[in-house]
Visitor: 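Please see the structure below; I have some questions.
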Amino acid sequence: MTEINEFWQNYIDGEWVDGGAGRIAVTNPATGEVLAEHALADATDIDHAVQAARQVHLSGELRDLHPVDRSRILRAMGRHLLDHADEIAPVLTLEQGKPLWESRVEVHGAARYFEYFANQAEAVEGRSIPLGGRYFDFTVHEPHGVSAQIIPWNFPLELAARSLAPALAMGNACVVKSAELTPLSSAWLGRAAEAAGLPTGALNILCGYGREAGAALAGHPDVNQIVFTGSVPTGVSVAKAAALNIVPCVLELGGKSAAIVHEDADLDAFVDDVRWGIFLNAGQVCSAMSRVIVHESCHDELVDRIAEMAESLSVGPGIDRAEFGANMGAMVGELQRDRVELMVTEAISDGANLATGGRRPKDHIGAFYQPTMLTEVTQEMKIARTEIFGPVLSVLGFRDDDEAIEIANATQYGLVGGVFTSDLDRATAAAKRLRAGQVFVNEWYAGGVETPFGGWGKSGYGREKGREALLNYVQTKNIAIRRR
Ligand code: NAI
Ligand code: MG
């Protein structure tokens with residue numbers, strides 16, 4: 001059993017401190033037992049953190065560095081995470097539920113954001129604009145100042161790194177509000193900042209309740225830019241808070257993403273994609289493949305194969321699942337498991353067929369749920385339109401290409417989408433017509449930190465990952481000089 005500190009603190013202005021709102025118990029969802037306590041921030045703590053970030057910003061300590069110096073700091077932060085992967089991964093698994101090998105992948109993913117955006121730190125340049133003989137005109141990109149980042153519990157380390165790395169690369173000082181269910185692993189971001197020599201106060205990390213600390217951060221008048229990942233209703237309240245202060249925000253709000261499977265698809269490869277698409281992190285992934293839209297000619301065969309794969313996954317405590325393989329851990333907590341269970345029950349009463357799963361495994365007491373597949377799902381059902389955020393695949397059938405696209409585009413979301421076919425024309429036509437920020441052809445999750453990611457519709461706005469992400473963290477200033 002991994003030894004875990006009994007009490008974890010917030011990180012404000014370079015100090016590890018207690019919280020004004022007391023402490024929160026962090027539980028291990030695989031057992032229901034309390035793992036540790038974490039300091040809980042109140043609005044005053046948030047204000048201290050924002051003021052610390054603002055002071056660093058105004059001092060120029062971060063903003064005025066040569067970009068290569070910020071690049072080196074970020075690179076060292078990524079290195080620190082990699083060097084401590086063996087310590088971080090078990091803590092992440094114990095607080096979040098995912099298999100230990102998935103936690104290791106997450107630590108590497110977080111480090112990768114620091115590497116990638118370290119490389120980009122030097123690559124953002126302005127342009128020179130001709131205005132005739134008497135003028136010399138050019139643009140510069142300047143950081144907003146204080147970037148507020150509200151992080152969810154599904155990939156607590158990786159999603160914090162996703163916004164932190166580009167924000168720091170562009171010279172913003174950051175205040176991170178970690179998720180109350182999974183605050184522990186974020187401590188290594190603070191330690192990485194210390195080890196790398198990031199200016200004190202340029203990174204602050206606080207755990208607190210969303211409605212208290214989260215809302216205080218989103219509405220703080222000295223915050224200059226906001227990044228939020230989470231549910232649509234919370235996204236709406238963050239966007240309202242941003243609007244009141246007239247600050248830009250990036251919203252990443254999940255989806256109900258669909259894979260279209262044609263009769264000429266490679267079904268073996270596709271079943272493997274389903275394994276990652278909906279059962280990685282027990283389906284608690286914003287870009288999960290939560291719908292499969294399959295041609296009627298191969299529907300039954302595909303359903304049989306997916307059921308076989310789903311039933312082959314061994315479900316149990318993530319900490320015992322160190323090796324990459326056919327396994328799944330606990331969900332983040334009982335509330336999330338119960339939410340998913342209720343949606344499955346409703347889908348069945350709406351007429352969906354439970355093809356596999358749909359139960360809590362008998363041999364474990366924690367927040368476990370079996371890999372589940374619902375078939376005979378129709379577009380009218382709530383399950384076909386609402387994000388589930390659990391290990392539950394909905395299968396719908398189609399007869400022709402137009403119908404497939406129509407079903408895929410029929411939700412209010414539009415985060416990602418996929419098309420599986422060996423026909424290039426069909427693939428490119430679908431890629432153009434899918435209403436989503438990212439389209440996968442013949443491989444779900446193809447891409448990486450280098451490829452822009454973000455949604456249409458209720459999936460949110462702004463782009464993360466890739467060079468596009470840098471634009472969230474700068475504003476353009478035009479400087480025009482007139483010669484006498
Ligand atoms: P949530 O959106 O309430 O929580 C996400 C983060 O927002 C947490 O750090 C939370 O403390 C914070 N927060 C909550 N209320 C806030 C407020 N008023 N102001 C500022 N920050 C606030 O999501 P929740 O309740 O944990 O999960 C509900 C559903 O949201 C899930 O079932 C899933 O459908 C979706 N979700 C989507 C995610 C994604 O990656 N797109 C991640 C997490 C949840
Ligand atoms: Mg927990």
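Each ligand, and each atom within it, is numbered from 1 in the order the structure gives.
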Visitor: At what distance is the nearest protein heavy atom to atom 44 (C) of ligand 1, and which residue and atom is it?
Guide: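 Nearest protein contact, heavy atoms only, for atom 44 (C) of ligand 1 is Phe389 CE2, 3.9 Å.
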
Visitor: Identify whether NZ of Lys or CZ of Arg in Arg463 sits under 6.0 Å from the centre of the six-membered ring of Phe453 and within 45° of that ring's axis.
Guide: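 Cation-pi check for Arg463 and Phe453: fails.
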
Visitor: Starting from atom 43 (C) of ligand 1, which protein heavy atom do you reach first, and at what distance in Å?
Guide: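 Going atom by atom, the protein heavy atom closest to atom 43 (C) of ligand 1 ends up being Pro152 CB, 3.6 Å.
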
Visitor: At the 4.0 Å heavy-atom cut-off, does Gln336 count as touching ligand 1?
Guide: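 Contact present.
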
Visitor: Which is closest to atom 30 (O) of ligand 1 in terms of heavy atoms, Ser231, Gly255, Gly460?
Guide: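 The residue whose heavy atom sits nearest atom 30 (O) of ligand 1 is Ser231.
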
Visitor: Please check if any side-chain donor atom of Arg162 sits under 3.5 Å from a side-chain acceptor atom of Thr229, or the reverse.
Guide: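 Per modelled atom types, Arg162 and Thr229 side chains form a pair under 3.5 Å.
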
Visitor: Considering both backbone and side-chain atoms of Glu387, is one of its nitrogen or oxygen atoms within less than 3.5 Å of a nitrogen or oxygen in ligand 1?
Guide: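 Such a contact does occur with ligand 1.
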
Visitor: Ligand 1 and Ala218, any nitrogen or oxygen pair closer than 3.5 angstrom?
Guide: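 So ligand 1 has no N or O lying under 3.5 Å from an N or O of Ala218.
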
Visitor: Knowing that exactly one of Trp444, Phe270, Phe324, Phe440 qualifies, which makes a ring pair (Phe, Tyr, Trp, His ring centres under 6.0 Å) with Trp276?
Guide: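 Checked Trp444, Phe270, Phe324, Phe440 against Trp276; only one passes ring pair (Phe, Tyr, Trp, His ring centres under 6.0 Å): Phe324.
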
Visitor: Determine whether any protein heavy atom is located less than 4.0 Å from atom 4 (O) of ligand 1.
Guide: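 No, there is no protein heavy atom closer to it than 4.0 Å.
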
Visitor: Is there at least one pair of N or O atoms, one from Gly254 and one from ligand 1, spaced under 3.5 Å apart?
Guide: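 Looking only at distances, the answer is yes, because the N/O contact criterion of under 3.5 Å is met.
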
Visitor: Just so I know, are the side chains of Leu302 and Val292 near enough to count as touching, which here means a heavy-atom distance under 4.5 Å?
Guide: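 Leu302 vs Val292: side chains touch.
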
Visitor: Within 45° of the six-membered ring axis of Tyr413 and under 6.0 Å from that ring's centre, is NZ or CZ of Lys458 located there?
Guide: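 No; the conditions do not both hold, so Lys458 does not lie above the ring face of Tyr413.
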
Visitor: Give a yes/no verdict on whether any heavy atom in Phe155 is under 4.0 Å from an atom of ligand 1.
Guide: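 Under 4.0 Å: no for Phe155.
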
Visitor: Students should be able to answer this: which protein heavy-atom is nearest to atom 21 (N) of ligand 1, and at what distance?
Guide: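 Result: Gly214 CA, 3.6 Å.
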
Visitor: According to ring pair (Phe, Tyr, Trp, His ring centres under 6.0 Å), does anything in residues 358-398 pair up with another residue at least two apart or in another chain? List the pairs.
Guide: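 For residues 358-398, and leaving out neighbouring residues, the ring pair (Phe, Tyr, Trp, His ring centres under 6.0 Å) pairs sorted by first residue read Trp153-Phe389, His262-Phe398, His295-Phe398, His364-Phe368.
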
Visitor: Could you tell me if Arg211 sits above the aromatic ring of Tyr209, with its cationic atom closer than 6.0 Å to the ring centre and no more than 45 degrees from the axis?
Guide: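 Judged by the rule (NZ or CZ under 6.0 Å from the ring centre, within 45° of its axis), Arg211 counts as positioned above Tyr209.
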
Visitor: Does Arg191 count as lying over the ring of Trp188, i.e. NZ or CZ under 6.0 Å from the six-ring centre, within 45 degrees of the axis?
Guide: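 Relative to the ring axis of Trp188, which defines the angle, Arg191 lies inside both limits.
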
Visitor: Measuring from the heavy atoms of Ser237, does anything fall under 4.0 Å of ligand 1?
Guide: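 Per 4.0 Å heavy-atom rule, Ser237 contacts ligand 1.
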
Visitor: Can you tell which of Gly210, Pro233, Gly230 gets a heavy atom nearest to atom 14 (C) of ligand 1?
Guide: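 Of the listed residues, Gly210 has the closest heavy atom.
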
